[in-house]
Amino acid sequence: MRQNVIVACLGVMVLLLLSSCRRGEKMRTEELCRELESSVMLSPVFDSLVNEAMHLPKFFRSKVLLTAGTRYSMKREQLCRAKVYLQEAFRIAPRDLKRSVALELARLYGSLVLRDDCTEEAIRFISRVPSKVVFTREEEAKFYYLGACFFKSIDIDRAFKAVDQALSLYRGLSDTEGEIEAYRLKATLYGVLQEYE
């Protein structure tokens, strides 16, 4: 009986220690994210903050990488570094965070497509993600909208298919604002077609 009590006490102590470690890791993650938001990408400070996150567990590290991957300007070097951060975040993130990373990565590919040779890689990613990640309907609509933005420059037929899927989802959600954005993009796609003709 006494031995069972000792084992139970040890178990409680271990749980408290783990809980305390998790709290510390969560606070450090939030602090790193705040510091990254006020730092310039590709600066020594920024790089050291990202490197510091490498010692955190995957869940917290993926949060830091997601924050780091959204801090880019339109400079080519920053776009390419952001892609590295977001790809790693997508690889290690749990499912709920993976959805946010997928949206950011699709948005980034739309910026990168004309500046970097990432077309095939982006097509594989955009084609594969809907079957790998369980989006909410709002996220799925946004993902197809971002996919259409990406395809606008390289494959007009796929761009039309993606924007039509986004429109259908926005209609089902009664999201008028999203629907208007999707119609604007569709109008732009028709403009591209006329230019080609």
Side-chain angles (χ1 to χ4, degrees), residues 26 29-30 33 36-37 58-74 78-79 82-116 118-197:
K26 184 179 181 201
T29 299
E30 288 166 359
C33 289
L36 282 167
E37 283 168 2
K58 282 182 180 179
F59 173 73
F60 294 116
R61 191 173 6 146
S62 58
K63 280 191 159 187
V64 173
L65 287 168
L66 172 58
T67 302
T70 60
R71 305 305 305 155
Y72 58 88
S73 68
M74 294 309 286
Q78 289 192 1
L79 290 165
K83 181 175 74 167
V84 171
Y85 291 149
L86 291 172
Q87 284 174 332
E88 178 62 9
F90 187 78
R91 188 183 72 76
I92 64 174
R95 192 157 87 180
D96 56 337
L97 190 61
K98 208 179 271 287
R99 301 182 325 214
S100 301
V101 180
L103 290 172
E104 286 305 323
L105 204 41
R107 184 176 284 117
L108 176 67
Y109 277 129
S111 303
L112 262 175
V113 67
L114 296 175
R115 295 164 180 254
D116 191 39
C118 67
T119 307
E120 290 305 315
E121 165 192 309
I123 289 170
R124 276 195 307 276
F125 174 78
I126 288 169
S127 303
R128 187 184 81 201
V129 164
S131 60
K132 297 262 182 187
V133 177
V134 181
F135 287 123
T136 63
R137 286 179 69 75
E138 290 87 349
E139 289 165 335
E140 191 178 7
K142 188 69 176 171
F143 184 79
Y144 281 118
Y145 174 83
L146 292 168
C149 291
F150 168 78
F151 283 120
K152 182 178 90 172
S153 309
I154 56 160
D155 188 334
I156 202 81
D157 291 335
R158 284 197 198 195
F160 272 110
K161 281 180 191 160
V163 82
D164 285 338
Q165 284 174 298
L167 268 169
S168 171
L169 285 159
Y170 282 131
R171 255 185 244 115
L173 291 162
S174 301
D175 181 345
T176 310
E177 202 175 306
E179 203 175 337
I180 289 168
E181 275 306 302
Y183 272 120
R184 277 195 188 126
L185 178 56
K186 195 166 185 178
T188 307
L189 296 177
Y190 279 118
V192 171
L193 272 183
Q194 285 176 356
E195 283 174 24
Y196 285 153
E197 287 166 0

Could you tell me if the side chain of L169 sits less than 4.5 Å from the side chain of F135, heavy atoms only? no
So, the side chain of S168 versus the backbone of D164: is there a donor-acceptor pair under 3.5 Å, distance only? no
Between CZ on residue R137 and CG on residue D175, distance to nearest 0.5 Å: 11.5 Å
Side chain to side chain donor-acceptor pair (under 3.5 Å) between T70 and E104, intermediate numbers included: CA-CA 7 Å; T70 60; E104 286 305 323; 5.7 Å; no
If I take atom CG from residue L65 and atom NZ from residue K58, how far apart are they, to the nearest 0.5 angstrom? 12.5 Å
Can you tell me if E121 uses its side chain to pair, donor with acceptor, with the backbone of C118 under 3.5 Å? no
Decide yes or no on side chain to side chain contact (heavy atoms under 4.5 Å, CB included) for E139 and L103, but give the supporting numbers first. CA-CA 8 Å; E139 289 165 335; L103 290 172; 4.1 Å; yes
What about the rings of Y144 and F151, do their centers lie closer together than 6.0 Å? no
Shortest non-hydrogen contact from R71 to L36? NE-O, 3.8 Å
Main-chain N/O of S73 paired to Q78 side chain as donor or acceptor, under 3.5 Å: yes
Taking the basic N atoms (NZ, or NE/NH1/NH2) and the acidic carboxylate oxygens, is any pair closer than 4.0 Å for E181 and R184? yes
Do Y170 and Y145 make the cut of ring centroids closer than 6.0 angstrom? no
Does E88 pair with R91 as a salt bridge, N-O distance under 4.0 Å? yes
Rounded to the nearest 0.5 Å, how far apart are CG of L189 and CD1 of I156? 4.5 Å
Please give me the minimum heavy-atom distance between V101 and L86, naming the atom from each residue. CG1-O, 3.3 Å
Apply the test side chain to side chain contact (heavy atoms under 4.5 Å, CB included) to residues K83 and Y109: give CA-CA distance (whole Å), side-chain angles for both, the deciding distance (0.1 Å), then the verdict. CA-CA 8 Å; K83 181 175 74 167; Y109 277 129; 3.9 Å; yes
Of all the heavy-atom pairs spanning S111 and M74, show the shortest one and how long it is. CB-CE, 3.7 Å
If you draw a 6.0 Å radius around NZ in K161, do more than 12 non-hydrogen atoms from other residues or ligands fall strictly inside? no
In short, F143 meets I126 closest at the heavy-atom pair CE2-O, 3.7 Å
Looking at every non-hydrogen atom in both residues, tell me the closest pair between V133 and R99 and how far apart they are. CG1-CG, 3.3 Å
I need the single residue from L167, V163, T188 that forms a side chain to side chain contact (heavy atoms under 4.5 Å, CB included) with Y183. Which is it? L167
In Å and rounded to the nearest 0.5 Å, what is the CD to CD distance from E179 to E177? 12.0 Å
If you compare all heavy atoms of I123 against all heavy atoms of S127, which two are closest, and at what distance to 0.1 Å? O-OG, 2.7 Å
Is the shortest side-chain heavy-atom distance between V129 and L105 below 4.5 Å? no
Verdict with supporting geometry, F90 and F125, side chain to side chain contact (heavy atoms under 4.5 Å, CB included): CA-CA 11 Å; F90 187 78; F125 174 78; 4.0 Å; yes
